[in-house]
There are 2 protein chains.
Amino acid sequence: MPPTTRRRLADDRDARRPAAATTEASTMTDDTTRSETEVLIMEATYAALRRHGYADLSVAQIADEFKKSKSLLYYHYDSKDDLIAAFLSFAADQFMADIEAVTAAEEPVATVRTLVDHLLTVESREMRDGQRMIIELRGQAVSEPRFRERFTRVDDRLRERIRSALAAGVERGVFDAEIDPEDTAGMLYAALTGAMVQQHTADGDPTEAVRRMIHRRLDRLVVD
Amino acid sequence: MPPTTRRRLADDRDARRPAAATTEASTMTDDTTRSETEVLIMEATYAALRRHGYADLSVAQIADEFKKSKSLLYYHYDSKDDLIAAFLSFAADQFMADIEAVTAAEEPVATVRTLVDHLLTVESREMRDGQRMIIELRGQAVSEPRFRERFTRVDDRLRERIRSALAAGVERGVFDAEIDPEDTAGMLYAALTGAMVQQHTADGDPTEAVRRMIHRRLDRLVVD
């Protein structure tokens with residue numbers, strides 16, 4: 001897991017025993033804190049998921065990756081899906097912080113372009129493994145309400161990031177006033193999701209075609 | 001499983017013991033035949049997947065849904081993933097036959113519109129359960145090459161169906177000659193896949209926005 005993991009951590013609303021967590025030293029000083037133990041448990045979950053995948057994963061395998069006393073892990077989490085639900089919140093916070101960081105200083109058009117490129121670029125084996133892991137867990141969200149709740153939050157935040165950039169562009173007269181920012185954001189985000197899913201679950205990579213099409217579409221939406 | 005299942009069955013190239021299969025009565029008279037036993041095993045796999053989901057599924061649970069001697073099932077298939085890989089081929093053939101049937105008599109523009117509506121419409125609980133099942137299995141394709149191979153085949157066939165309709169439309173002067181049928185098909189199919197995945201793995205349904213956007217886009221592509 002990259003070093004940024006320990007810096008950008010937000011509160012996991014589903015931590016089962018927050019009292020126990022907050023008595024430990026925090027890895028951050030602002031309001032979005034996680035205890036060092038929680039972070040180490042999330043890193044162990046990530047390592048175990050990467051090694052075994054979801055279907056074959058057991059809590060014992062996660063405990064094997066944990067660098068502290070195993071009883072601490074069992075004390076904080078009751079089951080595999082408990083650990084994975086917490087991991088999805090953890091990964092979502094990190095991912096959204098990445099998105100905010102890469103688009104922070106951008107104008108509306110550049111924000112959408114950067115976001116598209118960020119989502120469709122697989123720069124390393126680590127990133128590829130991370131995306132595959134998320135896609136496998138997304139498949140499990142059809143039957144696990146806690147996973148579904150996490151994916152809903154990420155979908156809503158990303159779609160809203162695109163929608164607000166499109167709306168700001170229309171307001172500033174950069175984008176064609178005819179576009180519907182809400183539907184356009186829904187379409188773009190669906191295409192990005194579908195391209196990522198197809199890329200990791202089938203041969204032949206559709207991401208380049210989707211990237212080209214979205215950039216071309218944005219070219220046309222920009223008012224000269 | 002709907003009654004059409006038994007009618008529209010194509011050869012499963014991965015049947016492990018074709019000799020055993022072909023000695024039994026076939027359910028079809030054309031070249032795409034599956035034995036009655038194979039069909040019953042696929043129906044049992046479907047029923048067990050629907051009841052238990054992939055992660056918790058065992059071969060014994062599939063055998064419990066099988067109406068004939070359990071040893072017949074164990075004779076044909078060695079493992080859970082064996083059964084599911086065969087089921088994915090079976091379901092893909094049925095799905096593509098459905099697509100061919102609904103778009104058979106259509107003009108290029110109508111073919112794309114019908115295909116979009118067919119993919120994004122969930123008419124019954126059975127259809128919803130079937131889509132969820134496929135999305136869960138798609139998540140497993142990140143690590144199971146045989147599943148990946150099945151999804152590649154379906155993706156390629158659907159993308160090609162859209163591409164050829166767009167190309168035919170351009171050729172007949174119905175669609176704007178400026179479009180790139182290949183990239184446009186890639187973008188549309190990615191958006192359809194993403195909308196279906198989001199619909200079943202998160203709250204809030206993006207399918208209507210995607211449907212509206214695609215139909216609006218087709219309106220603009222049509223040359224008056």
Side-chain angles (χ1 to χ4, degrees), chain A residues 52-57 81 129 131-145 147-156 159 180 182-214 216-217, chain B residues 52-57 81 129 131-145 147-156 159 180 182-214 216-217:
Chain A
H52 307 284
Y54 173 83
D56 296 327
L57 192 66
D81 283 351
D129 288 353
Q131 287 191 2
R132 288 188 176 196
M133 186 184 292
I134 294 300
I135 286 163
E136 186 184 5
L137 294 176
R138 182 140 204 160
Q140 293 300 315
V142 301
S143 54
E144 172 50 58
F147 297 2
R148 183 184 185 91
E149 195 260 320
R150 268 64 170 187
F151 283 106
T152 301
R153 249 195 279 168
V154 174
D155 282 357
D156 288 349
R159 216 185 277 115
D180 176 332
E182 182 116 20
D183 278 6
T184 307
M187 173 76 182
L188 292 187
Y189 184 55
L192 293 169
T193 302
M196 281 189 285
V197 167
Q198 288 168 3
Q199 178 185 26
H200 294 293
T201 60
D203 300 328
D205 188 346
T207 55
E208 279 314 306
V210 169
R211 189 200 302 267
R212 268 197 303 275
M213 286 296 292
I214 296 182
R216 224 180 284 161
R217 190 102 193 82
Chain B
H52 306 285
Y54 173 83
D56 297 325
L57 192 66
D81 283 351
D129 289 353
Q131 288 191 1
R132 288 187 176 197
M133 186 184 291
I134 294 300
I135 286 164
E136 186 184 5
L137 294 176
R138 182 137 205 163
Q140 292 300 314
V142 301
S143 54
E144 173 51 57
F147 296 3
R148 183 186 186 89
E149 195 260 318
R150 268 63 169 188
F151 283 106
T152 302
R153 248 196 281 167
V154 174
D155 283 356
D156 288 351
R159 216 185 278 114
D180 176 333
E182 181 116 22
D183 279 6
T184 306
M187 172 77 182
L188 293 187
Y189 184 56
L192 293 169
T193 302
M196 280 188 285
V197 168
Q198 288 168 4
Q199 179 186 27
H200 294 294
T201 59
D203 301 327
D205 187 347
T207 54
E208 277 315 306
V210 169
R211 189 199 302 266
R212 269 196 302 275
M213 286 296 292
I214 297 182
R216 224 179 285 160
R217 188 102 195 83

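The figures here come from the full heavy-atom set of this structure, side chains too, leaving out hydrogens, waters and symmetry mates. For clarity, every value in this text was computed on a predicted model and none was experimentally measured. Naming: A, B, ... by sequence-line order, numbering from 1 per chain.
- Chain A forms more heavy-atom pairs under 4.5 Å with one residue of B:Q140, B:E208, B:R211, B:E144 than with any other, namely B:Q140.
- Between A:R216 and B:D180, some side-chain heavy-atom pair lies under the 4.5 Å cut-off.
- Partners of A:L57 according to the side-chain contact (heavy atoms from CB on, under 4.5 Å) rule, which considers only residues two or more places apart in sequence or in another chain, are A:A48, A:L49, A:H52, A:Q61, A:I62, A:K80, A:I84.
- In plain terms, the two heavy atoms of A:Y54 and B:A55 that are nearest each other are CE2-CB, 3.9 Å.
- Rounded to the nearest 0.5 angstrom, B:M213 CE and A:D183 CG are separated by 6.5 Å.
- Only the side chain of B:R212 comes within contact range of chain A, judged by heavy atoms closer than 4.5 Å.
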Report, one line per pair, each donor and acceptor closer than 3.5 Å where one atom sits in a side chain of residues 189-196 of chain A; sequence neighbours left out.
unit_1	atom_1	unit_2	atom_2	d
A:Y189	OH	A:D155	OD1	2.7
A:T193	OG1	A:Y189	O	2.9
A:T193	OG1	B:Q198	NE2	2.7

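- For chain A, no part of B:T207 is nearby; none of its heavy atoms comes within less than 4.5 Å.
- Between chain B and the options A:H200, A:E136, A:R148, heavy-atom pairs under 4.5 Å are most frequent for A:R148.
- Ranked by non-hydrogen atom pairs under 4.5 Å with chain B, the options A:T184, A:D56, A:D156 are led by A:T184.
- By number of non-hydrogen pairs under 4.5 angstrom with chain A, the leading residue of B:L137, B:V142, B:I134 is B:V142.
- In this structure a side-chain-to-backbone donor-acceptor pair under 3.5 Å is present from B:T152 to A:D203.
- The distance from the CD1 atom of B:I135 to the OG1 atom of A:T201 is 11.0 Å, given to the nearest 0.5 Å.
- Within 6.0 Å of atom CD in B:E182, 12 or fewer heavy atoms from other residues, nucleotides or ligands are found, so the atom counts as exposed in its surroundings.
- Side chains of B:M187 and A:I214 form a contact here, defined as non-hydrogen atoms less than 4.5 Å apart.
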